[in-house]
Amino acid sequence: MRELGRRSESADHPFKRVAAVAKGDAPGGAVAQAQAPLALIGKVGRREEIVAACSAAAALGIRVGMAATHARALVSDLDFRPHEPAGDAQLLDRLALLAVRRWSPIAAATPPDGLWIDLAGCDHLHGGEERFCRRLRAFCERAGFTARVAVADTAGAAHALARFATTEVTIVPPGGTIRAVSPLPIAALRLSSTALGAARRFGFETVADLLPVARGPLARRLGLPAIVRLDQALGSVAEPITPRDDAAMPLVECRMLEPIGTAEAIAQVMEDLLGELARILRERGIGVRSLRLCGLRVDGTEQVVAVGTSQPTREVPHLLRLMKLRIERIDPGMGLEQFRLFAPHTEPLDAVDLGAALAGETIGRDPARLVDVVAGRIGPAAVFRVAPVESHVPERAVIRSDPVDVPGAWPRWQRPVRLFSRPEPLSRVIALLPDQPPRRFEWRGRIYQVVAGDGPERIHGEWWRRDAEIWAVRDYYRVEDAEGGRYWVFRRGDGVESDTGDLTWWMHGVFA
């Protein structure tokens, strides 16, 4: 009946149906199975309880902590499956390893159902915190997980908001931790069952109820671990994240006999760690594209600096020079007592062919070192090379490329030395139609008298991009004013057909 069109429901995707049948399921069986209520049963003490339930099961009245016999009596066709804590821990560990390799070098699993990801210093690589949260939730949906994401100043606040906030994605602005966690229940602080029972007896319901109470009386009522959890959530007590170590990631570390804080001592530690790391890189035949140095201070906080290279390398002098540019960003505080140096991004690095150099041939100098040093001072986004692109439209004919890559051959068209990214409008233009260059125009509040001109060079729009460029025409002219300035101007339209343009004039570049 579905194939005859007698029902108005949407048909399944044909390739997905083939895959389902190949696995031995009926068409649409996978969809029905995914929507079936599901609950996990685990042994708690001497009885079996519901340890997890999907949203469909929760809508039927199944809740965590309910006895398994009660749940089976309540919903007879509920899909019960045994809980596997070891499998969940293994899956969380794999997700933490993926987070270390893809998103941030500092990530750790928070059993039984969470991840900590430190975005400090790397959120801009993912387009900001908001965009990263959207991409993270999209990734979880593709993997079949339901995710709630929270970003806060402290790990404890992020842990609480991800589980007890009213929204799927919560981003707390800097300094807004207290306001964000105040309306949350006491259970958001990861307290023990004994502390939660004591809080209920004393009438504490939300985190805001704990804030005005003095720490001494509160510790006698709820216990000292509860005070530590509260201070960790508010940022008064440090809660360092022990990251998931990637066995494939080159890593070296050292512990100091005494804390250090001078730039000379830190530079010496960098040199020693780079020497050990270079040995590991040579054994594996790889080079680094990025380095990250973490220094643990006496007070438990970390100082993190990172550098990147335009090409894979394992030369210690070059990497040390880049790392020394970051020493001024390290705040040693009372002293640094431990250092960890690892390479999150590595690439294969083979031996360099020196046959041409030994034969006396001229070899162009590699700009990679210069690019790395300049990018370390002014930022990697400020160093680029302009490469040609196959397009007749001037603003589309160039693109920013890797400064180390050698660009292709440039066309022999006469183009200005300075090409504006966006053309600027001209006013009070005097020109004869249809093909004469302008004799007078006003640009940026100044009037220019043209004494010579050449053109037009007609450029048509790229009709395959959008409909507005099917009939679009630009007539470009090279003009010279009375003071010797040479400019590149164009007119929209061919001067005959009105569909080709509105006959407005624009400045697109300066020759000299």
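All values derive from a computational prediction rather than experimental measurement.
Taken to the nearest 0.5 Å, the CG atom of L319 stands 8.0 Å off from the CG atom of L277. Taken to the nearest 0.5 Å, the CZ atom of R292 stands 10.5 Å off from the CE atom of M323.
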Working note: F490 + H508, criterion ring pair (Phe, Tyr, Trp, His ring centres under 6.0 Å); need CA distance, chi angles, decisive distance, verdict. CA-CA 7 Å; F490 71 87; H508 206 163; 5.7 Å; yes
Should V149 and F132 be marked as a side-chain contact (heavy atoms from CB on, under 4.5 Å) after you check the CA-CA gap, both sets of side-chain angles, and the distance that decides it? CA-CA 10 Å; V149 186; F132 174 76; 5.9 Å; no
The test is side-chain contact (heavy atoms from CB on, under 4.5 Å); show your working for V151 and L161 and say whether it passes. CA-CA 8 Å; V151 180; L161 292 170; over 6 Å; no
Going through the distances and angles, do W471 and E497 end up as a side-chain contact (heavy atoms from CB on, under 4.5 Å)? CA-CA 9 Å; W471 301 104; E497 299 292 339; over 6 Å; no
Show the numbers, then the answer: is there a salt bridge (charged side-chain N to carboxylate O under 4.0 Å, His left out) between R415 and E457? CA-CA 11 Å; R415 293 293 181 259; E457 177 188 350; 3.1 Å; yes
Before giving the answer on side-chain contact (heavy atoms from CB on, under 4.5 Å), spell out for R326 and I330 the whole-Å C-alpha distance, their side-chain angles and the decisive distance to 0.1 Å. CA-CA 7 Å; R326 297 291 190 270; I330 299 178; 5.8 Å; no
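For W488 and Y476, the ring centers sit closer than 6.0 Å to each other.
Inter-residue side-chain proximity for Y487 and W443 is flagged as met; some heavy-atom pair is nearer than 4.5 Å. Inter-residue side-chain proximity for R492 and V473 is flagged as unmet; no heavy-atom pair is nearer than 4.5 Å.
Here the closest non-hydrogen pair linking A267 and L320 is O-CD1, 4.0 Å.
More than 12 heavy-atom neighbours from other residues, nucleotides or ligands sit within 6.0 angstrom of CG on D502. By the 6.0 Å contact criterion, CZ on R440 is enclosed, its count of non-hydrogen atoms from other residues, nucleotides or ligands being greater than 12. Surrounding CG of L433 are more than 12 heavy atoms belonging to other residues, nucleotides or ligands, all under 6.0 Å away.
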Please tabulate, for the side chains in residues 447-455, all donor-acceptor contacts under 3.5 angstrom to protein atoms that are two or more places apart in sequence or on a different chain.
{"unit_1": "D454", "atom_1": "OD2", "unit_2": "R478", "atom_2": "NH2", "d": "2.4"}

With a cut-off of 3.5 Å and sequence neighbours excluded, list every side-chain donor-acceptor pair involving residues 138-146.
none

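The side chain to side chain contact (heavy atoms under 4.5 Å, CB included) test with I106 singles out one residue from V100, D118, I117, T242, and that residue is D118. Of the options D494, T500, D475, a side chain to side chain donor-acceptor pair (under 3.5 Å) to R458 is made by D475 and by none of the others. The only member of W505, F441, F511 that meets ring-ring contact (aromatic ring centres under 6.0 Å, His included) when paired with Y477 is W505.
Classification of R321 and D372 as a salt-bridged pair fails, no side-chain N sitting under 4.0 Å from a carboxylate O. A salt bridge does not link E442 with R446: every distance from a Lys NZ or Arg NE/NH1/NH2 to an Asp or Glu carboxylate oxygen is 4.0 Å or more. Using a cut-off of 4.0 Å between Lys/Arg side-chain N and Asp/Glu carboxylate O, E395 and R422 are scored as not salt-bridged.
In this structure, the side chain of R148 engages the main chain of A165 through a donor-acceptor pair within 3.5 Å.
Remark: the W506 side chain and the E424 side chain contain no N/O donor-acceptor pair separated by less than 3.5 Å.
Considering only residues two or more places apart in sequence or on other chains, R396 meets the side chain to side chain contact (heavy atoms under 4.5 Å, CB included) condition with S391, V393, E462, R465, E469.
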